[in-house]
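Chain letters run A, B, ... following the sequence lines, proteins first and then strands; every chain starts at 1. Values in this document were obtained by computation on a predicted structure and should not be read as measured data.
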There are 2 protein chains.
Amino acid sequence: MPERGRPRTFDRTAALRQAMELFWAKGYEGTSMAELTAAMGISSPSLYAAFGSKEALFLEATDYYTRTEGTEIWAALDEAPTACQAIENFLRQTARAYSQSDRPQGCLIALGALHQDSSSGAICDDLRRRRAENHTLLLRRLERGVAEGELPPGFDSDAAATFYATVQHGMSIQARDGASCDALMATVAGAMAAWQGLAGTA
Amino acid sequence: MPERGRPRTFDRTAALRQAMELFWAKGYEGTSMAELTAAMGISSPSLYAAFGSKEALFLEATDYYTRTEGTEIWAALDEAPTACQAIENFLRQTARAYSQSDRPQGCLIALGALHQDSSSGAICDDLRRRRAENHTLLLRRLERGVAEGELPPGFDSDAAATFYATVQHGMSIQARDGASCDALMATVAGAMAAWQGLAGTA
DNA sequence: TCCTTTATGTAACGATCGATACATAAATAT
DNA sequence: ATATTTATGTATCGATCGTTACATAAAGGA
């Protein structure tokens with residue numbers, strides 16, 4: 001059953017991808033409507049008809065980002081047999097993804113809008129919620145490690161999840177500063193060197 | 001020897017401090033001239049006469065930030081007798097400073113302008129240079145630890161400095177998300193748990 | 001065929017952006 | 001006293017911001 005009315009002449013998903021890459025590279029406030037319409041290859045009224053507003057477009061772009069760009073990073077958590085390997089693979093995938101030269105460096109969720117007091121309260125809140133969800137994913141995997149006996153009963157999964165999430169956030173800034181994949185891997189090695197200490201102090 | 005011409009009626013340093021706090025809270029692009037003049041209590045021409053431009057004001061504000069806000073964090077590096085204690089104190093001071101409720105959370109140098117492609121190339125470059133300087137400070141302290149025999153000869157000071165700098169950058173985002181000092185201390189504990197591993201693998 | 005519905009293209013909206021022209025005021029230098 | 005120098009206050013500059021009217025084009029439904 002086809003749509004009513006005149007069909008749109010552009011690929012909505014392709015346009016959304018272009019918007020995502022622009023927001024990813026320049027942040028929410030740093031990206032103008034003029035740049036968006038140019039990159040998406042559509043006019044301003046078409047953009048508003050298809051996506052609602054700049055804010056709604058950003059929210060949809062971050063959702064698209066999560067579904068397309070973040071998958072390999074977070075899939076590593078469930079694929080590895082142990083929590084230790086899961087965290088390490090998670091960080092190594094992060095290092096690889098954040099340093100790719102054919103796309104913006106670092107993470108859209110971490111860098112897209114950091115200044116709350118700006119005109120974009122909803123944007124900032126949405127990104128913060130997504131960061132909290134990521135923390136929860138790490139926490140669940142670590143708790144599973146405790147449940148399976150890999151980690152001691154007193155292991156502070158929440159503190160460890162916070163630590164590794166923080167390292168990943170720092171890697172976004174490091175990547176924005178031009179760090180190579182190897183340089184990011186040095187940080188991964190440092191973070192994983194903490195594993196023995198974290199698992200032992202329980 | 002007093003100045004020629006009509007003396008200015010406002011405290012230049014106090015105005016600079018107000019500008020710094022605003023840039024700190026909202027970032028370079030997120031802060032408007034109207035907000036700056038309101039917070040500084042001066043008119044737009046007075047601002048331009050005293051500081052040159054918004055960009056020059058930001059550069060001077062970051063310099064003021066480095067001289068006034070960052071001192072306690074980086075002083076910890078030289079005061080502690082061992083490199084291990086130096087890094088730990090450095091991170092603990094960071095946790096405390098980043099979570100103060102009477103000032104913006106996180107670090108101006110880390111969060112002030114992260115998106116290079118924006119209109120602010122010089123701003124971004126300046127902050128990146130300052131971050132590189134901070135990395136160098138960590139590196140020098142670790143190299144001193146190697147020279148003094150505290151750390152083994154093969155210790156990778158550069159990788160360790162990168163790791164701890166990355167953790168600090170991540171703490172800025174964590175603090176922006178509302179993390180308490182205790183929560184940041186959990187990350188510090190995680191980062192210091194890596195010390196044994198880093199010092200031992202050399 | 002005519003009506004409804006949706007999309008496109010042109011053009012422009014009011015608001016805000018960073019930055020200034022201009023006249024006036026207040027200090028020193030001669 | 002006069003000239004010079006610097007700061008202030010008002011008012012506004014052109015450019016860009018996100019957003020939208022409006023007329024037209026292209027589809028399905030009756």
Atom CE of Met33(B) and atom C1' of dT16(D) are separated, to the nearest Å, by 16 Å
Quiz item: In terms of side-chain heavy atoms, does Arg176(A) have a donor or acceptor partner in His115(B) at a distance below 3.5 Å?
Solution: yes
Whole-Å distance, Arg12(A) CZ to dA7(C) C1', equals 14 Å
| request: Describe the nucleic acid contact of Thr37(B) in one word from base, sugar-phosphate, nothing, applying a heavy-atom distance below 4.0 Å. | output: nothing
Determine whether the side chains of Thr187(B) and Gln174(B) contain a donor N or O and an acceptor N or O closer than 3.5 Å. yes
Report task. Quick one: label Ser44(B) by what it contacts on the DNA or RNA (base, sugar-phosphate, nothing), any heavy atom closer than 4.0 Å. Result -> base
Test the Arg8(B)-Phe10(B) pair against the cation-pi criterion, namely NZ or CZ under 6.0 angstrom from the six-membered ring centroid and within 45° of the ring axis.
yes
Next item on the list: Look at the side-chain N and O atoms of Tyr48(A) and state whether any lies under 4.0 Å from the OP1 or OP2 oxygen of dT20(D).
Entry: no
Handout entry: Phosphate OP1/OP2 of dT8(D) contacted by Ser46(B) side-chain N/O (<4.0 Å)
Key = yes
From CD1 of Ile42(A) across to C1' of dT10(C) the rounded distance in Å is 16 Å
Whichever of Ser32(B) and Gly5(B) has the more 5' nearest nucleotide on DNA chain C, that residue is Ser32(B)
**Message:** Measuring to OP1 and OP2 of dA25(C), would you say a side-chain N or O of Arg6(B) lies under 4.0 angstrom away?
**Reply:** no
Output field dot_bracket for DNA chain D (Watson-Crick or G-U, both distances under 3.5 Å, | for other-strand pairs) contains ||||||||||||||||||||||||||||||
Practice task
Select base, sugar-phosphate, or nothing to describe what Pro7(A) touches, counting heavy atoms under 4.0 Å on all strands.
Solution key: sugar-phosphate
Rounded to whole Å, CG of Leu36(A) lies from P of dT19(D) at a distance of 10 Å
Looking only at dT8(C), dT8(D), dG29(D), the nucleotide nearest the Phe10(B) side chain is dT8(D)
Going by atom types only, do Thr94(A) and Gln168(A) share a side-chain donor-acceptor pair under 3.5 Å?
yes
From CZ of Phe51(B) across to C1' of dT6(D) the rounded distance in Å is 16 Å
Would you say Thr9(B) and Ile42(B) make side-chain contact, with heavy atoms under 4.5 Å?
no
Here the distance between atom P of dG18(C) and atom CD of Glu35(B), to the nearest Å, is 8 Å
(Q) On the six-membered ring of Tyr28(B), is Lys54(B) placed so that its NZ or CZ lies under 6.0 angstrom from the centre and within 45° of the ring axis? (A) yes
(message) Side-chain N or O of Ser43(A) versus OP1/OP2 of dT8(C): is the shortest distance under 4.0 Å?
(response) no
